[in-house]
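Excluded from the calculations below are hydrogen atoms, water molecules and symmetry mates; all remaining heavy atoms, backbone and side chain alike, are included. It should be emphasised that the depicted structure is a prediction, and the values quoted were computed from it without experimental measurement.
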Amino acid sequence: MNNNYQQNKHKIILAILVGIIPLIEVFSSGVNAIEFPDAPKRDAPKATAAGGRRGGCVQGNLPITALTPSNDNYIQTVSNQPQFFVYIPPTKAKFAQFILREEKGKDLDIQEIKITEDNRIININLSDKIKLETDKKYIWEISLICNPMFINTSNHTKGIIEKVSLNEETKKQLSTNLETLKQAEIYAKQGIWQDTLSLVATMKESQPQQWQELLTSVGLDSLIDKPLILSND
């Protein structure tokens with residue numbers, strides 16, 4: 001009788017565990033992963049010819065790609081000094097050039113960024129002296145430089161960033177929800193891409209599903225497995 005009791009007890013425990021494990025997997029698999037709502041699904045980065053075009057720097061199948069939610073690379077931020085994220089493909093270039101200018105054309109920030117490793121995503125920080133103004137748009141450009149005489153679409157990308165303000169309710173939500181994930185969700189719901197992306201980038205190692213889900217939600221599936229190198233410079 002004792003043997004039967006022990007066997008039944010083990011079966012019950014096993015049944016409970018079998019039922020619990022799927023639940024654990026559900027909660028850890030990113031069911032509540034961040035998605036950028038109502039994002040216009042951007043086209044997948046167009047493949048470039050092997051070895052790049054004349055004067056091009058790109059040696060892989062993907063071009064230089066800014067991590068943005070739409071094809072026009074328009075992004076919003078609430079930060080005075082937002083980060084820019086860009087995929088650097090396999091390239092012959094030894095450095096990239098980043099330019100930020102006013103809509104009227106005045107250059108505000110020009111940086112030469114040394115490329116020590118390629119086929120990965122990097123972040124670019126604005127120079128300390130630069131502070132974006134609210135309700136103002138800026139043009140940004142990122143180029144891989146091999147031969148300054150030739151710039152083409154496989155080694156160059158650009159877009160517009162606009163600094164916007166938050167309503168009082170959103171400010172209150174951010175002040176009462178200090179967890180990185182929750183704050184990223186709040187920014188995403190408001191359509192503030194650049195701050196959402198910056199926060200999720202800090203969680204890539206600890207919660208990779210959040211990074212993957214966010215990029216997938218805006219059509220950047222081809223970049224979810226690329227290494228991300230964060231710089232504080």
Side-chain angles (χ1 to χ4, degrees), residues 17 19-42 65-70 73-87 100 120-128 130-136 138 140 159-233:
L17 290 175
I20 290 176
I21 289 173
L23 290 177
I24 294 175
E25 291 177 347
V26 165
F27 285 113
S28 64
S29 63
V31 170
N32 296 321
I34 296 176
E35 294 185 8
F36 202 66
D38 303 323
K41 298 293 184 182
R42 65 176 292 155
T65 304
L67 274 63
T68 67
S70 58
N73 286 334
Y74 168 76
I75 47 181
Q76 290 185 328
T77 184
V78 297
S79 174
N80 292 331
Q81 289 193 308
Q83 295 179 313
F84 293 79
F85 291 80
V86 60
Y87 166 67
L100 179 77
R120 61 195 59 231
I121 298 166
I122 66 170
N123 67 316
I124 300 171
N125 299 298
L126 293 179
S127 300
D128 292 341
I130 303 300
K131 300 290 189 294
L132 302 192
E133 298 179 27
T134 304
D135 298 325
K136 191 171 180 179
Y138 302 83
W140 52 266
I160 292 175
I161 187 167
E162 179 181 11
K163 187 188 174 190
V164 298
S165 56
L166 296 171
N167 58 48
E168 291 304 316
E169 177 59 29
T170 302
K171 290 180 181 178
K172 182 179 179 180
Q173 291 177 10
L174 289 168
S175 66
T176 55
N177 294 276
L178 301 181
E179 292 183 5
T180 302
L181 177 58
K182 189 62 181 177
Q183 291 210 336
E185 291 175 345
I186 292 170
Y187 282 123
K189 289 178 181 178
Q190 295 300 315
I192 310 297
W193 169 260
Q194 212 62 1
D195 301 79
T196 302
L197 182 63
S198 293
L199 287 171
V200 176
T202 65
M203 301 187 294
K204 185 177 183 294
E205 294 301 319
S206 61
Q207 300 186 57
Q209 76 279 2
Q210 302 292 356
W211 175 261
Q212 294 171 4
E213 194 71 20
L214 180 62
L215 296 194
T216 298
S217 73
V218 296
L220 291 170
D221 313 56
S222 59
L223 301 182
I224 61 176
D225 294 324
K226 301 299 182 182
L228 169 64
I229 304 300
L230 293 178
S231 170
N232 295 319
D233 297 335

Any chance you could measure [X], atom [atom1], to [Y], atom [atom2], to the nearest 0.5 Å?
X      : Y      : atom1 : atom2 : answer
Leu166 : Leu174 : CG    : CG    : 6.5 Å
Leu197 : Ile192 : CG    : CD1   : 13.0 Å
Glu179 : Ile186 : CD    : CD1   : 10.5 Å
Ile160 : Tyr74  : CD1   : OH    : 8.0 Å
Asp225 : Gln212 : CG    : CD    : 6.0 Å
Leu178 : Thr180 : CG    : OG1   : 9.5 Å

- Message: Quick one, Trp211 with Leu223, criterion side-chain contact (heavy atoms from CB on, under 4.5 Å). Give me CA distance, side-chain angles, the key distance, then yes/no.
- Response: CA-CA 10 Å; Trp211 175 261; Leu223 301 182; over 6 Å; no

- Message: So, using side-chain contact (heavy atoms from CB on, under 4.5 Å) as the criterion, who are the partners of Lys163 when residues are at least two apart?
- Response: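 Checked Lys163 against side-chain contact (heavy atoms from CB on, under 4.5 Å); matches are Thr77, Asn80, Leu132, Thr134.
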
- Contacts of type side-chain contact (heavy atoms from CB on, under 4.5 Å), residue Ser127, not counting sequence neighbours: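 Ser127 satisfies side-chain contact (heavy atoms from CB on, under 4.5 Å) with Asp109, Gln111, Lys129, Ile130 only.
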
Looking only at heavy atoms, what is the nearest atom pair of [X] and [Y], with distance?
X      : Y      : value
Leu215 : Leu67  : CD2-CD2, 4.0 Å
Gln194 : Phe84  : NE2-CA, 3.5 Å
Asn167 : Gln190 : ND2-OE1, 4.0 Å
Pro69  : Ile75  : CD-CG2, 3.8 Å
Leu181 : Gln207 : CD2-OE1, 4.0 Å
Ile34  : Ala184 : CD1-CB, 3.4 Å

- Results of side chain to side chain donor-acceptor pair (under 3.5 Å) for Lys172 - residues two or more places apart only: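 By the side chain to side chain donor-acceptor pair (under 3.5 Å) rule, Lys172 matches no residue at all.
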
- Find out whether Glu162 and Lys136 are in side-chain contact, i.e. whether some heavy atom of one side chain is under 4.5 Å from a heavy atom of the other.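 No, every pair of side-chain atoms sits at 4.5 Å or beyond.
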
- Query: Mind checking whether Tyr138 and Leu126 have side chains closer than 4.5 Å, heavy atoms only?
  - Reply: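 No, too far: nothing below the 4.5 Å cut-off.
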
- Task: Check whether the side chains of Asn73 and Thr68 place a donor and an acceptor atom closer than 3.5 Å, and report yes or no.
- Result: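 Distance-only check passes for Asn73 and Thr68.
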
- Task: Mind checking salt bridge (Lys or Arg N to Asp or Glu O under 4.0 Å) for Glu168 and listing every partner two or more places apart, or none if nothing turns up?
- Result: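 Salt bridge (Lys or Arg N to Asp or Glu O under 4.0 Å) check on Glu168 returns Lys171.
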
- Task: Mind checking salt bridge (Lys or Arg N to Asp or Glu O under 4.0 Å) for Lys182 and listing every partner two or more places apart, or none if nothing turns up?
- Result: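 Lys182 satisfies salt bridge (Lys or Arg N to Asp or Glu O under 4.0 Å) with Glu185 only.
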
- Sidechain-backbone polar pair: Glu35 side chain, Glu213 backbone, donor-acceptor under 3.5 Å: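 Not a single qualifying donor-acceptor pair exists.
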
- Message: Strictly distance-based, threshold 3.5 Å: is any side-chain N or O of Asn125 a donor or acceptor partner for the main-chain N or O of Gln83?
- Response: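 Checked: no pair found.
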
- Item | More than 12 heavy atoms of other groups within 6.0 Å of Lys189 NZ |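 Not buried by this count: 12 neighbours or fewer within 6.0 Å.
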
- Item | Qualifying ring-ring contact (aromatic ring centres under 6.0 Å, His included) pairs with a residue from residues 185-208, counting only residues at least two apart or across chains |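 Listed by first then second residue: Phe36-Trp193.
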
